Amino acid sequence: TGKLLQQKATQIDSLQEVLHLAQLKAMKTLPMSDVWMQTLTIMTDNFTPQKVKEKIRELYNLRMNEINRKPDGKRITAMLYPYPAAELGKPLVDGEMMDLKGNIHRLSDFKGKYVLIDFWSTNCGPCIAALPEIEKFVKRNPHAEVISLCLSQYNSWRTHPSYQNLPWHNMNDGGGWMGLAKSYNVHAVPTYVLISPEGIYIKQWVGEEIFEEGGTLEKFIHQHSQK
């Protein structure tokens, strides 16, 4: 019975592969729509055989400019061509981020200052609860930059009431959990990543209250700056 089930599963996998390849071939010339993007996202999200992955990349490369103009485009890019894994004590993994005005920034733009990346999402209560303390930290520490990097989709990020008019950077890389968050091994929010003025990834905290005056974050920055 087990052998028979395994044979059936193999047959189903083979049929799915044929269907995916046929879909991808048709999608080369079909007009791009929400359904088109949803189909590509689902196929990219799921575990697929190497042959299908190659055809997904082929389709992506063919229509890359159109794909990246769509809300899910950057997430598809991040899944097909992921950032390398960031390592503590090593140079930062750089990447593009967009602010609320549509301007593009890179992490490396902030070299020369301590940079704290605040990974958050629009449905994260603790992320929002930390905002008053982050604001106090920003006012006390002009030598540091804070980037609140949202993992939610563009529309919910742009319209979130708690994150409008922040006195620090509010950005989104479009990759969600598969973008810079994956590179920095973010599995929960809030997660805080600290980059040194030299551009080195030096610390990560997950879900901790680190912004109190003279507390965890400020002590770490002070000790690090004395080295």
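On a predicted model such as this, the values are computed, not experimentally measured, just so you know.
- Atom OH in Y192 sits 13.0 Å away from atom CG in L149 (nearest 0.5 Å).
- Shown here are the side-chain hydrogen bond (donor to acceptor under 3.5 Å, both in side chains) partners of T122, two or more places apart in sequence or in another chain: S152.
- Remark: Y114 OH to H222 NE2 distance equals 10.0 Å, nearest 0.5 Å.
- With a 4.5 Å cut-off on side-chain heavy atoms, I147 and F110 count as touching.
- A parallel orientation is assigned to the rings of H224 and F220, their planes being inclined by less than 30° (bins at 30° and 60°).
- Residues W205 and Y184 do not share a hydrophobic cluster, clusters being chains of Ile/Leu/Val/Met/Phe/Trp/Tyr side chains in contact below 4.5 Å.
- Within the 4.5 Å cutoff, the side chain of F211 has heavy atoms near those of the L116 side chain.
- The number of heavy-atom neighbours closer than 6.0 Å to CD of Q153, taken from other residues, nucleotides and ligands shown, is 12 or below.
- Proximity of M97 to D99: side-chain heavy atoms (C-beta onward) are nowhere separated by under 4.5 Å.
- H105 and N103 get closest at one heavy-atom pair: CD2-O, 3.4 Å.
- Side-chain contact check for P190 versus F119: every heavy-atom pair is 4.5 Å or farther apart.
- Heavy atoms only, all atoms of each residue included: M27 and W36 are closest at O-NE1, 3.0 Å.
- The two residues A188 and W177 make their nearest non-hydrogen contact at N-CZ3, 3.8 Å.
- Residue M178 holds its CE atom at 16.0 Å from NZ of K74, rounded to the nearest 0.5 Å.
- At least one side-chain heavy atom of R63 sits less than 4.5 Å from a side-chain heavy atom of M32.
- In this structure, L92 and V193 have side chains that are not in contact, with every pair of non-hydrogen atoms separated by 4.5 Å or more.
- When side chains are defined from C-beta on, I56 does not count as touching I76, because their heavy atoms never get closer than 4.5 Å.
- Side-chain contact between K136 and E213: absent, with no pair of heavy atoms (C-beta onward) separated by less than 4.5 Å.
- For K113, the NZ atom sits in a packed shell: over 12 heavy atoms of surrounding residues, nucleotides or ligands are nearer than 6.0 Å.
- Atom CD1 in I221 sits 7.5 Å away from atom CD1 in I202 (nearest 0.5 Å).
- Ring pair W120/Y163 is parallel by interplanar angle, where below 30° counts as parallel and above 60° as perpendicular.
- How far CG of N172 is from OG of S148: 11.5 Å, rounded to the nearest 0.5 Å.
- A salt bridge between K55 and E58 is present, with a side-chain N of the basic residue lying under 4.0 Å from a carboxylate O of the acidic one.
- Across all their heavy atoms, N185 and Q204 have their closest contact at O-OE1, 4.2 Å.
- Across every non-hydrogen atom of Y83 and D94, the tightest pair is CE2-O, 3.3 Å.
- How far CD of E96 is from CG of D173: 10.0 Å, rounded to the nearest 0.5 Å.
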